[in-house]
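We name chains A, B, ... by the order of the sequence lines, and we start the count at 1 in each one. Both backbone and side-chain heavy atoms feed into the values below; hydrogens, waters and symmetry mates do not.
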Amino acid sequence: MEFRSCSGVKYWFDNSTGMFFPLDPILEEIINPTTFGQTATLNDFEDIDRLYYSKLAKKLKSLQQLSLAEKHPKNRPDEVRKQLMRNGLLQMTLCVTENCNLSCNYCAYSKYYEYSRRPSPRNMDFKVAKNALDYYCTLIEEGKRYNPYRKPAIGFYGGEPLLQFELIKKCISYLEDSYSSYEFLYSITTNGTLLDDEKIDFLVKHNFSIAISLDGPQCEHDRNRVYKTGNGTFNDVMKNVKKFMDIGYERCHLITVFDYKSNLFNLQEFFNNKTMPRISIVTMPTRFEGCTYYTQFSDEDYVNFKEQVETAFTWYLDHVDMQHTFGSFFDHLFGFSASKFLSSIPMFIDRRASLIPYTGACIPGRKIYVDINGLFHICEKICPNFPIGDISTGLNFDKITELIERYQNSLDLCPDCNIEKLCVECYCAFATDEHFTKASQVCNKHANITRDLNRTFSIAEKSPSLINSLAHDYYSWVSKISATMGD
Amino acid sequence: MYFRLNPECFLVEGDHCGAIYDLIDGHLYALTANESALIKHCESNGGVKENEPFLQELKRLCIGNFFNKPIYIEKIRLGAPIQEYQPSNPPHVAKVFLEINNKCKESCWYCGRNGIHRSLGCIGCNIWNEKGNNLSTERWKQLIDELRDLECQSIYITGGDLTFVWDEVLELIDYAGDSFRKLFVTLNEHNYTDLLTESLGSGVQPIIQVTNHERISKDYFNLFVIDGDKYSDIKGLNVDNVAMDIVSSNFYNLPSNSPLISKKKFAPVNIYRFLHNKKFHPCLGNSLAISWTGEVMPCIMLRSHTLGNIRNKCLYTCFEKKEEEIKRLWTMNLDSIQKCRACEFRYACTDCRALEEKLTGDLYGKKLCNYVPERGVWI
């Protein structure tokens with residue numbers, strides 16, 4: 001696939017190898033980029049070009065041969081189990097409640113998401129949590145001979161998980177008493193409104209990785225993140241975030257969501273501030289199958305937003321250099337995003353997805369999300385119609401195998417796609433009530449990916465070393481606060 | 001005008017000079033200090049003149065090209081970098097040596113029990129002045145199961161004289177089946193016969209240790225043991241099926257063309273070796289050895305660096321308990337060795353930590369190299 005950077009340089013992405021090549025006029029004339037075959041003679045060129053391009057043609061051929069080496073294993077329950085024992089089971093996330101004290105506009109459990117569950121007052125029983133944790137520890141123990149380096153990780157999720165603080169405390173007390181030889185990694189995702197001193201002390205004492213949702217300055221945050229009364233939550237969240245900053249707790253980080261109404265420069269100014277915790281994720285409300293969140297915006301909103309992004313990107317590009325502090329909002333929006341994009345492209349070999357040759361989907365069981373009833377799901381993001389086991393019978397490897405098969409069958413475009421190695425979509429993008437929508441009905445990636453590549457290579461041209469150091473900096477930090485990468 | 005190296009060509013800087021590694025052609029180009037500085041400038045998208053003769057020469061060699069505008073070159077790699085940051089990645093076990101016995105009736109002067117220094121003794125046979133009992137065949141079989149679950153790629157079965165336990169060797173090979181990419185078995189010029197090697201089956205590669213170059217077999221891989229002090233180039237040696245094990249009592253009188261200290265140290269450049277050597281020690285990386293008594297070690301020759309004993313425990317317990325130590329040994333790339341860190345050839349070089357430790361008393365020491373990276377000269 002061809003694309004250009006902002007400076008007008010043309011590049012070629014070769015999907016068979018996962019490599020990028022600058023596409024100069026001579027190369028374009030003499031090489032068929034799909035087959036890497038030589039399409040014209042070099043007789044009319046100067047000696048130096050003739051030498052270079054004839055050798056390059058041979059090199060490109062040998063590169064393509066290099067990419068043919070990997071064999072993909074068969075999708076069978078025993079293979080799925082083996083791969084999960086080795087590379088999966090990275091985290092068990094307990095949905096301790098479906099209840100929430102907020103009513104955020106873009107919530108993934110709101111009316112805008114057709115296939116997701118809705119908020120409810122239901123909570124997880126300790127018995128369910130205990131059975132889930134026992135099963136996870138059994139898997140970890142069994143999996144040691146496949147992966148002795150895996151550290152068991154437990155996440156608490158909701159709703160708002162701190163509404164069930166007593167249950168969280170009980171779970172941790174149980175794990176510490178029953179599995180004292182393990183060093184658990186704990187994490188929680190919270191809206192930040194309920195973090196009183198007792199809860200903060202407890203979370204800090206147990207070295208929790210704490211993800212707090214904060215969408216920017218008050219005018220931005222309170223537009224979407226509101227109590228059920230409609231009142232904004234900014235002041236309460238900021239008061240609590242400050243407590244972590246005051247004690248210098250480094251495992252507290254921020255998840256920031258923006259949409260078409262956001263003022264990106266306000267967000268940049270707000271987060272580019274050393275008194276704030278570091279941002280871990282910047283994202284727009286998810287666009288899973290069945291999402292209608294974006295229908296509320298007018299065409300004008302969209303056009304204005306698009307112009308704003310272009311202005312912000314131009315500003316970022318003008319200010320890219322190695323001197324700036326990592327971690328600003330624009331770093332996440334453009335720099336990290338570009339760097340992460342390049343870092344996730346599997347060149348020649350992709351071991352992780354060997355059972356799943358297309359998209360960025362994991363093998364279900366990489367993480368285990370447990371709902372309040374004790375059903376296991378692929379993750380917290382997917383709609384609840386694709387369980388992969390439960391606390392009574394454990395992971396169902398037959399079901400996982402079948403689910404992979406069904407997912408693969410839905411990916412009708414992928415075998416012929418010339419950018420499939422760049423695809424990071426997963427089950428969530430295709431999952432509906434009971435089936436996966438065909439990729440041909442969902443996928444419109446080409447336009448977005450061309451735009452992402454344009455930005456990525458424009459930043460990289462300005463500062464070749466920055467593009468690598470951004471990803472290194474980000475992932476080194478994330479690997480210290482998180483049990484899983486690339487989710 | 002701008003000049004950039006191709007995606008498969010890497011500049012590696014030393015303290016004084018630099019080198020370009022072409023991972024497809026397999027060439028290693030030595031650069032002067034000025035040439036290295038110029039390429040560094042180019043790789044940062046610094047402007048250059050198109051008539052610069054050195055850059056034109058690089059273009060003729062298909063190492064890099066001129067561009068009208070600053071461009072970005074995404075360098076060649078294997079897989080996605082994001083995978084390397086995953087905190088719970090399993091250990092990648094590439095090769096494991098199983099030393100299944102410690103008996104021999106020969107008395108070779110270079111044998112490990114004599115404390116003689118060997119440059120490639122790990123793939124040869126040795127016996128040791130150690131007390132203990134052999135692991136049982138059953139335990140070796142369990143270990144093969146454990147290695148299978150760890151997705152180990154290659155197994156080296158070694159001893160001792162393996163003909164003393166030949167039935168056990170065949171039983172273990174049969175048990176391993178086709179679970180591993182490669183299976184090696186060490187024999188030597190005293191005990192090997194065609195009948196023996198044929199009994200190993202087609203999936204197993206014998207390594208024959210010989211001291212007389214006339215006994216080098218064309219059919220098998222040979223470990224050619226040479227007295228280092230008397231080393232001279234041997235004409236007609238096929239490097240594809242012969243590795244040299246240079247043996248000496250002190251390595252003080254090595255001739256300047258010895259493969260241990262001259263440019264012959266360099267292994268052929270390729271993508272796998274280069275990317276491996278950037279992260280790991282060229283030999284110790286992703287490698288383990290299990291002694292005849294069940295001691296787990298980073299290498300057969302590094303016997304004092306024990307990582308636990310698996311006689312009564314599973315191998316994974318060593319990874320659990322010695323995670324940091326195993327990672328330290330495996331990732332001891334040549335950037336960790338003070339002298340090598342200054343050298344631009346460090347990702348193409350071979351290195352034996354066991355030998356260097358014996359010669360310098362320091363696991364991070366370096367004696368065997370005649371290159372002076374601070375000046376960019378061979379002495």
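- Note: Ile345(A) leads Leu56(A), Ile345(A), Val9(A), Leu51(A) in heavy-atom pairs under 4.5 Å with chain B.
- The two residues Ser343(A) and Pro81(B) come nearest to each other via the heavy atoms O-CD, 2.9 Å.
- Proximity of a side-chain donor or acceptor of Lys59(A) to a complementary backbone N or O of Ile24(B) within less than 3.5 Å is not detected.
- The backbone N or O of Pro90(B) lies less than 3.5 Å from no partner atom in the side chain of Arg150(A), so there is not a single donor-acceptor pair.
- Interface residue Asn468(A): only side-chain heavy atoms are found under 4.5 Å from chain B.
- In His41(B), the NE2 atom is crowded: over 12 heavy atoms of neighbouring residues, nucleotides or ligands sit closer than 6.0 Å.
- When the options Ile73(B), Asn6(B), Asn65(B) are evaluated for a side chain to side chain contact (heavy atoms under 4.5 Å, CB included) with Pro22(A), the one that passes is Ile73(B).
- No part of Arg148(B) comes within reach of chain A, as not one of its non-hydrogen atoms sits under 4.5 angstrom from that chain.
- Within the 4.5 Å cutoff, side-chain heavy atoms of Pro464(A) are placed close to those of Arg4(B).
- Of the listed residues (Glu57(B), Lys75(B), Glu8(B)), the one with the most heavy-atom contacts under 4.5 Å to chain A is Glu8(B).
- Minimum interatomic distance between Leu90(A) and Gln86(B) (heavy atoms only, all atoms of both residues): CD1-NE2, 3.5 Å.
- Interface summary for chain A: among Pro7(B), Pro91(B), Cys314(B), the most heavy-atom pairs under 4.5 angstrom belong to Pro91(B).
- Between the side chain of Asn45(B) and the backbone N or O of Glu461(A), at least one donor-acceptor pair lies under 3.5 Å.
- Taking a 6.0 Å sphere around NZ of Lys151(A), one finds it holds more than 12 heavy atoms contributed by other residues, nucleotides or ligands.
- Within a 6.0 Å radius of CG in Asp78(A), more than 12 heavy atoms belonging to other residues, nucleotides or ligands are found.
- Interface remark: Ile76(B) contributes backbone and side-chain atoms alike to the contact with chain A (heavy atom separation under 4.5 Å).
- Neither the backbone nor the side chain of Lys340(A) comes within less than 4.5 Å of any heavy atom of chain B.
- Side chain of Lys55(A) to backbone of Arg60(B): a donor-acceptor contact under 3.5 angstrom is found.
- For the pair Leu150(B) and Pro148(A), the minimum side-chain heavy-atom distance is below 4.5 Å.
- Proximity of a side-chain donor or acceptor of Asn147(A) to a complementary backbone N or O of Ser88(B) within less than 3.5 Å is detected.
- Interface remark: Ile467(A) contributes side-chain atoms only to the contact with chain B (heavy atom separation under 4.5 Å).
- Here the CG atom belonging to Asp25(B) is positioned 7.5 Å from the OG atom belonging to Ser62(A), to the nearest 0.5 angstrom.
- With Tyr316(B) as the aromatic partner, Lys144(A) does not meet the cation-pi criteria of under 6.0 angstrom to the ring centre and within 45 degrees of the ring axis.
- The backbone N or O of Glu84(B) sits nowhere less than 3.5 Å from a side-chain atom of Tyr475(A) that would complete a donor-acceptor pair.
- Listed options Ile459(A), Thr456(A), Leu342(A) were ranked by heavy-atom pairs under 4.5 angstrom with chain B; first place goes to Leu342(A).
- The minimum heavy-atom distance between Ser476(A) and Tyr85(B), with the atom names listed, is OG-CE2, 3.6 Å.
- With a threshold of 4.5 angstrom between heavy atoms, Phe67(B) approaches chain A through side-chain atoms but not through N, CA, C or O.
- Classification of Asp49(A) and Lys59(B) as a salt-bridged pair holds, one side-chain N sitting under 4.0 Å from a carboxylate O.
- Residue contact with chain A, scored on non-hydrogen atoms closer than 4.5 Å, involves the side chain of Asp22(B) exclusively.
- Inter-residue side-chain proximity for Tyr72(B) and Tyr11(A) is flagged as met; some heavy-atom pair is nearer than 4.5 Å.
- Heavy-atom pairs under 4.5 Å with chain A peak, among Tyr2(B), Phe319(B), Phe66(B), at Phe319(B).
- Nearest heavy-atom pair, Lys327(B) versus Tyr149(A), reported as atom, atom and distance to 0.1 Å: CE-CE1, 3.7 Å.
- Among the candidates Lys480(A), Arg86(A), Met19(A), Lys58(A), the residue making the largest number of heavy-atom pairs closer than 4.5 Å to chain B is Arg86(A).
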